[in-house]
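What follows is one structure encoded as structure tokens, with my remarks underneath.
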There are 2 protein chains.
Amino acid sequence: MVTLAEVAQHAGVSASTVSYVLSGKRSISAVTRRRVEESIQVLGYHPNAGARALASSRSNIIALMIPLRTDMYVPVMMEIAIAVTTSARSHGYDVLLLTGEEGPDAVRRITGSGLADAMILMDVELDDERLPLLRGTEQPSVLIGLPADTNGLTCVDLDFGATGALCAEHLAMLGHRDIAVIGEAPAVYERHTGFAERTLDGLRSRSRELGLRVLHRPCEGGFDAMSLTLARVFDERPGTTGFVVQNESAVEPLLALLRRQGRAVPEDVSVIAICPDQVAVQASVRLTSVAIPAQEMGRNAVEQLIAKLEGHGKDDVVLIAPELTVRASTGPAPTAS
Amino acid sequence: MVTLAEVAQHAGVSASTVSYVLSGKRSISAVTRRRVEESIQVLGYHPNAGARALASSRSNIIALMIPLRTDMYVPVMMEIAIAVTTSARSHGYDVLLLTGEEGPDAVRRITGSGLADAMILMDVELDDERLPLLRGTEQPSVLIGLPADTNGLTCVDLDFGATGALCAEHLAMLGHRDIAVIGEAPAVYERHTGFAERTLDGLRSRSRELGLRVLHRPCEGGFDAMSLTLARVFDERPGTTGFVVQNESAVEPLLALLRRQGRAVPEDVSVIAICPDQVAVQASVRLTSVAIPAQEMGRNAVEQLIAKLEGHGKDDVVLIAPELTVRASTGPAPTAS
DNA sequence: CGACGGAGTCGAAGCGCTTCGACAACCTAT
DNA sequence: ATAGGTTGTCGAAGCGCTTCGACTCCGTCG
């Protein structure tokens, strides 16, 4: 293993000079710089991460806590994780992957050991156990998601309230009067993650203003669950002509079931999905959807974090404005016959 | 930040004693141990990762390189990543997440900087650029996937050859004669990842023995691509009664299209998917499938790696035996009418 | 023309931990 | 009783890097 000292010797300068060439924290003459850089090249030098962390008390690592469950929103999680990793790299940081499994202990471990300089938490619950710890530490952090009390915290999330409202508006504009919301699995609500409730609240209050009637039904993913849910929806509100689907894995079952029942999309029934664009495009009907901007959320979180690490960050809640893309699954409400 | 020295002082012992309590590398009297552990508790001590890494030249970190593309097998990737992370934790290791983006440079950076003690590579290509580097380093590594030349490497993967054979056997046993393989997107073949080819080879050679006729068609995911592909299959081989689908995102479109054409599954046509069990269960027909054992692959890779780190690892290729689960999408071939 | 300040470099002091050799105290076997 | 082991503890020497103060050259300004 090549060390700083060896590079220094090879270049005929002192170790500290090499260090300053690397960090740029003091001015170095062009000649010296070039010589040092050449030696680094020739010897194939890589600074030792541990030594660096010890001496500077900065690890250049960001910890990312992802949910352990693979039951929900997997593609979104993955996309966020990848976006976080690549943008962190572009700022010179590596990413340490933690699962939610350890819970608050993981936070303690990371802050205590200096393993990471900062952390990003996903899958935040309304009243998350980890929040008090985050508030009580110097270590910068950013949440992806929105807890009940955001005081002293930095959060990034899609504006799910506005998302719900947007869906209501689109359906109202098309003349629909009776709409159904196919929500997340009951477990998601019990877990108090908030985003599903926020969507619903936004949708409900806008619907009230617009005179829409809303029926909300949580729904596990998959065919059988969707089948039951759908039957109950039409049972209770036969006149339902608009659907808003939040559960990704309920989308395709819903479309198939509607088709099977002879209800055409979008002629008889309109469907809006809240899902990544890729899913909306690949479905059996190209779906009108509000995108979940996973990439943007990941990138944004990293940028907030870097700003904090560099000292000019502020505690702030960034709600990304939702965008509705009209595709082939929504159309004018059928005229009552 | 609490240091070892402070713990030592608080417990009235020397720093080295505390260190030995922590590592267990020398025997410590029960009394001393207890005192030290108590001090650690009281002070809330966490060893500093950087200092530890520097002194011991072990970081207790495993690097995991995941593919950058989110176009394929996302749930599988995610599941593997999570399995790797949790089993690494249970062995006292953390996981550093790297994207394939950096390519070979990432390998150099990690081995050079001592940031990680070992690495796991996913999405390995047949003739991967990173392999020479891995062979040339002391650092243990495990591949998830199978390159062309496995010499001097440790690999974990599903036995895709056997998987293909298994599919052929099942369909042959049910009396099918003409089968079609809906393969991965053309890009996957061009990328030379190998697993798709291995599946096909296994399936073809077993089919030859069993007298099955095989038609192979690569296919992008999604509805439109599947629609075209399916049309061409029936055009060329109208008598096709069995399908093997490798591309996860082609499964649901295929089922929908068959339904639309009035071909019943499994009465008229049988379908086997190669996909995670969860996908198979959630589809619109409960799918007979060969599972992709993501969890097992991840766990296995970590175990191989730990073994190597502890010195008793061997370079070896572990091919996980495929398992076919019969569900509702396969049945006897229709009798020619 | 001497004092001053900036640019460029060096030496040395740690950062917090692991680990090696040393040593004291005790136990056993002769 | 003595040589030889064990067991438990300590002190000190680094691991490879960053960073601070100090020093030497210069060019520049009053």
Side-chain angles (χ1 to χ4, degrees), chain A residues 1-37 39-40 43-61 92 94 109-117, chain B residues 1-37 39-40 43-61 92 94 109-117 138 309:
Chain A
M1 175 178 258
V2 191
T3 71
L4 226 209
E6 298 178 76
V7 173
Q9 185 169 14
H10 185 271
V13 298
S14 77
S16 49
T17 300
V18 177
S19 177
Y20 286 123
V21 168
L22 253 33
S23 70
K25 293 195 177 171
R26 285 203 182 170
S27 52
I28 296 286
S29 69
V31 189
T32 308
R33 183 196 314 288
R34 194 162 0 267
R35 260 223 316 279
V36 170
E37 279 165 354
S39 299
I40 289 178
L43 301 178
Y45 168 73
H46 283 269
N48 181 89
R52 200 164 237 200
L54 177 55
S56 65
S57 31
R58 307 281 254 81
S59 63
N60 285 301
I61 290 180
D94 274 297
R109 197 163 62 83
I110 297 304
T111 56
S113 67
L115 227 188
D117 297 333
Chain B
M1 175 177 257
V2 191
T3 70
L4 226 210
E6 298 177 75
V7 174
Q9 188 169 10
H10 185 271
V13 297
S14 77
S16 49
T17 300
V18 177
S19 178
Y20 286 124
V21 167
L22 253 34
S23 69
K25 292 195 177 170
R26 285 204 184 167
S27 50
I28 297 287
S29 69
V31 188
T32 307
R33 182 195 315 289
R34 193 161 1 267
R35 261 223 316 280
V36 170
E37 278 164 355
S39 299
I40 289 178
L43 301 178
Y45 168 73
H46 283 271
N48 180 89
R52 199 164 239 202
L54 177 56
S56 66
S57 30
R58 306 281 255 81
S59 64
N60 284 302
I61 289 179
D94 274 297
R109 197 163 62 83
I110 297 304
T111 56
S113 67
L115 226 188
D117 297 333
E138 284 303 288
L309 283 167

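Bear in mind that the values here come from a model prediction, so they are computed numbers and not experimental data. Proteins get letters first, then strands, A, B, ... in listed order; numbering begins at 1 in each.
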Calculate the interatomic distance between [X] atom [atom1] and [N] atom [atom2]; express it in whole Å.
X: B/N60; N: C/dG16; atom1: CG; atom2: C1'; answer: 16 Å
X: A/H46; N: D/dC17; atom1: NE2; atom2: P; answer: 12 Å
X: B/R34; N: D/dT9; atom1: CZ; atom2: P; answer: 12 Å
X: A/Q9; N: C/dC10; atom1: CD; atom2: P; answer: 13 Å
X: A/N48; N: D/dC15; atom1: CG; atom2: P; answer: 12 Å
X: A/I40; N: D/dC17; atom1: CD1; atom2: P; answer: 10 Å
X: A/R58; N: D/dT18; atom1: CZ; atom2: C1'; answer: 13 Å
X: B/L22; N: C/dT18; atom1: CG; atom2: P; answer: 7 Å

* For the residue pair A/L115 and A/S59, what are the closest heavy atoms and their distance? ->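 Minimum heavy-atom separation between A/L115 and A/S59: O-OG, 3.1 Å.
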Remember a base hit wins even if backbone is also touched, and classify [X] as base, sugar-phosphate or nothing at under 4.0 Å, heavy atoms.
X: A/S16; answer: base
X: B/L4; answer: base
X: B/S19; answer: base

Below 4.0 Å: OP1/OP2 of [N] and any side-chain N or O of [X]:
X: A/S56; N: C/dC15; answer: no
X: A/S57; N: D/dT18; answer: no
X: B/K25; N: C/dT19; answer: yes
X: A/S27; N: C/dG8; answer: yes

Notebook entry, point to check: Nearest nucleotide by nearest heavy atom, which residue falls closer to the 5' end of DNA chain D, A/V2 or B/I28?
Noted result: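 In this pair, the answer is B/I28.
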| query | Could you state the interatomic distance from CG (B/L43) to CD (B/E6), rounded to the nearest 0.5 Å? | reply |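 CD of B/E6 is found 7.0 Å from CG of B/L43.
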Rounded at 0.5 Å granularity, tell me how far CG in B/N48 sits from CG in B/L54.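 One finds 10.0 Å between CG of B/N48 and CG of B/L54.
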(Q) Pick the closest DNA chain C nucleotide for B/G50 and for B/T17 by heavy atoms, then say which residue is nearer the 5' end. (A)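 Going by which nucleotide is closer to the 5' end, it is B/G50.
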Query raised in the report: Pick the nucleotide of DNA chain C nearest each of A/Y20 and B/L54; which residue has the one closer to the 5' end?
Result: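 Between the two, 5'-proximity favours A/Y20.
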B/R26 side chain to B/Y20 backbone, donor-acceptor under 3.5 Å: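 Such a contact is absent between B/R26 side chain and B/Y20 backbone.
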query: Is the number of heavy atoms from other residues, nucleotides or ligands within 6.0 Å of CZ (B/R34) greater than 12?
result: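 Atom CZ in B/R34 is not packed in, count stays at 12 or less.
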Look at the side chain of A/R26 and decide which nucleotide, out of D/dG21, C/dC17, D/dT9, has an atom nearest to it.
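Output: D/dG21.
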